[in-house]
Amino acid sequence: MASSAGQPQFRYTQPPSKVLHLRNLPWECTEEELIELCKPFGKIVNTKCNVGANHNQAFVEFADLNQAIAMVSYYASSSEPAQVRGKSVYLQYSNRQEIVNNKSTGDVASNVLLVTIEGVDSGDVSIDVLHLVFSAFGFVHKIATFEKTAGFQALVQFSDADTAASARSALDGRSIPRYLLPEHVASCHLRISFSAHTDLNVKFQSHRSRDYTNPNLPVNPSAIDGAGQFTVGPDGKRRELESNVLLASIEKMQYAVTVDVLNTVFSAFGRVQKIAIFEKNGGFQALIQYPDIATAVVAKEALEGHCIYDGGYCKLHLSYSRHTDLNVKGNNDRSRDYTIPASGMLQAQPSSLVGATPATAGGWQGPPSTPIMYSGNEFMGSSCPPQPGGAPRPQHLQGWEYGQSQIASQTPGPNAFSSPAYAGQGPPMPSPPGLVASNMGTNNLQSSNHSPHIGQPQMPYYGHQPMQMQMPGGLPPVNGGTPAYHM
DNA sequence: AGCACA
């Protein structure tokens, strides 16, 4: 049809839409790159990448119209254009109101349901709850859960499409019963469609994936704690596969935990080679690399379950990473390579944590045709984008605080983004009552002068840690009076 | 640099 020649299709004033059309993108721009660019302005509910003859256009759909308006307005008045990989990106309202992914309409009946659990984090709805809910309609063969931009999702496999259809029609739009949910979850509606899958490939039982047809399937703790793997020891019992790299997640992170804080804590057990901080699913995680496994084992044993700060704050959970050598690019607020001589790393690079390639992905896999972001490696969901140098950002959304960001729900008017005042550090944090890890004994040099000062950038340690911090025999530091670490 | 295989 020749509808194109008739009218000026591309006007300066497109009618606003939740959907933005981006062009002049770099070749094969990824969804992650799009999200990094757009998420400061709101919640992205859908994307469509590699559109157009040159595969250099894309669509991004915000949850709210005002968020799209905020982004367009911001860049309309910005001196710096939107950029991806250094390329100027041109954006405008799409002439459509929503992205239609005609990949799978979800209307083709299948024995596998694609379930989107709206309004919850992945931690709020366990796979067991899902199993319970869907088992009401028939035997549930397998469940695989994952997170995508659409939110927390699950694939639920029944024996046949009829059973799946009955579950769908009964549950679509309904909410999981309140008593099955954590108290803080107000409601969580299920949006259910048919998946393009017919048989999920669940490799291990984990908190992400379950195969109820094969109870003997090995449990994979890497998918449970997000880190290490188990191996079968000589006694026939499963043992965690040790590594010189520890994966730390932090619970009750009332206070900011910086690279320097981690270095202080973990250096008590040996020389820390590299540290990388990243965010996973809104949670704080860090990788700490020691020169050898033995040191990591000692540190893990000593620190597991203990708190960095008094009052039960910043409780450490440690597991062995699958990485052995972190690929830390430069030194910045999220990553540090202490093995590089100090002279060579004066310039802070844009945040770019790139770990060594994880050996395995998630515990389950579907056909490669399905555009699901397989989660299960430590870097999935990490939001450590390269920040365009000097480009003004309306908000500083790196790091753990993004999970609590209000931006998705509060969309200020266009003027709200005109000031670059947000470009600085993270939000003000309360001062911690004291670094518990510093109460390690009288011969500990790190007590006072290395206490973290939250909200202020610290001088990074580029040198080796003082040997005094390493306890005799490699044992965890013990202190005469107060315990060095406490539960 | 300019709108998506219905």
Side-chain angles (χ1 to χ4, degrees), chain A residues 1-110 114 116 148-151 153 191 193-197 366-373 385-386 388-393 414:
Chain A
M1 295 310 179
S3 66
S4 55
Q7 38 197 309
Q9 282 193 354
F10 309 112
R11 302 164 290 182
Y12 276 107
T13 54
Q14 298 278 111
S17 165
K18 289 184 302 187
V19 183
L20 299 184
H21 175 225
L22 295 83
R23 39 187 223 273
N24 200 36
L25 288 161
W27 176 250
E28 296 280 305
C29 174
T30 66
E31 182 183 49
E32 285 73 19
E33 289 172 310
L34 285 179
I35 290 172
E36 287 308 314
L37 177 68
C38 301
K39 79 177 185 191
F41 301 93
K43 179 171 173 57
I44 295 134
V45 296
N46 207 350
T47 63
K48 196 178 189 75
C49 305
N50 300 326
V51 169
N54 294 325
H55 280 222
N56 61 355
Q57 302 173 41
F59 297 92
V60 171
E61 179 176 342
F62 283 99
D64 190 274
L65 175 63
N66 288 328
Q67 297 166 351
I69 292 175
M71 182 164 183
V72 169
S73 315
Y74 175 79
Y75 284 112
S77 61
S78 166
S79 55
E80 292 283 327
Q83 287 186 332
V84 172
R85 282 185 234 160
K87 272 195 83 176
S88 292
V89 173
Y90 302 90
L91 50 101
Q92 64 191 151
Y93 300 116
S94 171
N95 52 26
R96 303 198 198 176
Q97 290 304 118
E98 62 181 23
I99 292 176
V100 292
N101 292 77
N102 61 11
K103 295 282 187 179
S104 70
T105 59
D107 288 335
V108 181
S110 161
L114 172 62
T116 303
K148 256 195 93 182
T149 53
Q153 294 188 309
R191 207 183 69 224
S193 59
F194 291 113
S195 166
H197 294 278
S369 61
T370 309
I372 287 169
M373 184 190 300
R393 286 305 191 110

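For the numbers below, each heavy atom of this structure counts, side chains included, while hydrogens, waters and symmetry mates do not. Just so we're on the same page: letters track the sequence lines, and every chain starts at 1.
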- Task: Round to the nearest Å and state the distance from A:Asn24 atom CG to B:dA1 atom P.
- Result: 4 Å
- Message: I need the NZ-P distance between A:Lys87 and B:dA1, as an integer number of Å.
- Response: 6 Å
- Message: Can you measure A:Tyr75 atom OH to B:dA1 atom P for me and round it to whole angstrom units?
- Response: 18 Å
- Query: Are the aromatic ring centres of A:Phe62 and A:Phe41 under 6.0 angstrom apart?
  - Reply: no
- Partners meeting salt bridge (Lys or Arg N to Asp or Glu O under 4.0 Å) with A:Arg96 (sequence neighbours left out): none
- Message: Nearest whole Å is fine: how far is B:dA4 P from A:His21 NE2?
- Response: 8 Å
- Message: Tell me whether A:Phe59 and B:dA4 count as stacked here, given that the ring centres must be under 5.5 Å apart and the planes must differ by less than 30 degrees.
- Response: yes
- Query: What's the CD-C1' distance between A:Gln92 and B:dA1, to the nearest Å?
  - Reply: 9 Å
- Item | Spacing of A:Gln57 atom CD relative to B:dG2 atom P, expressed in whole Å | 5 Å
- Any salt bridge between A:Arg85 and A:Glu33, counting N to O under 4.0 Å? yes
- Task: Check every strand shown and say whether A:Glu61 touches a base, only sugar-phosphate, or nothing at a heavy-atom separation below 4.0 Å.
- Result: nothing
- Can you tell me how far P of B:dA6 sits from CZ of A:Arg96, to the nearest Å? 8 Å
- Please report the closest heavy-atom contact between A:Ser17 and A:Ala68, naming both atoms and the distance. O-CB, 3.1 Å
- Note on the structure: note: A:Asn95, atom CG; B:dA4, atom C1'; distance rounded to Å ~ 10 Å
